[in-house]
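Structure first, commentary second.
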Amino acid sequence: MNKVCRTTAGRRLLGVVLAVALLLPIAVTQLEVSPQRVTVGTAVVSGLLVIGALSLPALIFAEWRAADATE
């Protein structure tokens, strides 16, 4: 059977991706997000999007490298 996360770095990245996936809808619905001005909600949502955009490819790459190492 294939393991979902083979490394501790992969587990951490998976945790970050899942946290972003859970926090982003909450932040969008609970905080004020406005395209006309900078608000706390806009900064939080922007930060979560940047973190997600960086951590998802890193997770994919880490799992890919772990799969190559075991073969």
Side-chain angles (χ1 to χ4, degrees):
M1 282 217 172
N2 291 337
K3 291 184 179 179
V4 174
C5 285
R6 294 176 182 88
T7 62
T8 57
R11 287 187 183 131
R12 288 183 191 144
L13 287 169
L14 180 62
V16 169
V17 169
L18 291 176
V20 167
L22 291 173
L23 291 175
L24 193 58
I26 294 170
V28 169
T29 58
Q30 299 296 319
L31 299 173
E32 180 185 357
V33 179
S34 174
Q36 285 83 23
R37 55 197 165 117
V38 178
T39 62
V40 174
T42 305
V44 169
V45 169
S46 299
L48 286 172
L49 287 173
V50 168
I51 291 168
L54 293 174
S55 60
L56 186 59
L59 173 64
I60 294 168
F61 184 70
E63 292 300 316
W64 178 52
R65 293 278 302 204
D68 280 348
T70 59
E71 291 178 359

Compare every heavy atom of [Y] with every heavy atom of [X], then report the nearest pair and how far apart it is.
| X | Y | answer |
| --- | --- | --- |
| P57 | G52 | CD-O, 4.3 Å |
| A27 | V44 | CB-CG1, 4.1 Å |
| V17 | S55 | CG2-OG, 3.5 Å |
| P25 | A21 | CD-O, 3.1 Å |

Let me check something: do [X] and [Y] share a hydrophobic cluster, defined by ILVMFWY side-chain heavy atoms less than 4.5 Å apart, either directly or through other members?
| X | Y | value |
| --- | --- | --- |
| L56 | V50 | no |
| V28 | L49 | yes |
| V40 | L48 | yes |
| L54 | I60 | no |

Taking the side chain as everything from C-beta on, heavy atoms only, tell me whether L31 gets closer than 4.5 Å to V45.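 Heavy-atom side-chain distance check fails, nothing below 4.5 Å.
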I51 and V16, any side-chain heavy atoms less than 4.5 Å apart: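 Sidechains of I51 and V16: in contact.
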Checklist entry - Going from CD on E32 to OG1 on T42, what distance comes out if it is rounded to the nearest 0.5 angstrom? => result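 Separation between the atoms: 7.5 Å.
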- How many angstroms lie between CD in E63 and CG in L13, if you round to the nearest 0.5 Å?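 That separation rounds to 8.5 Å.
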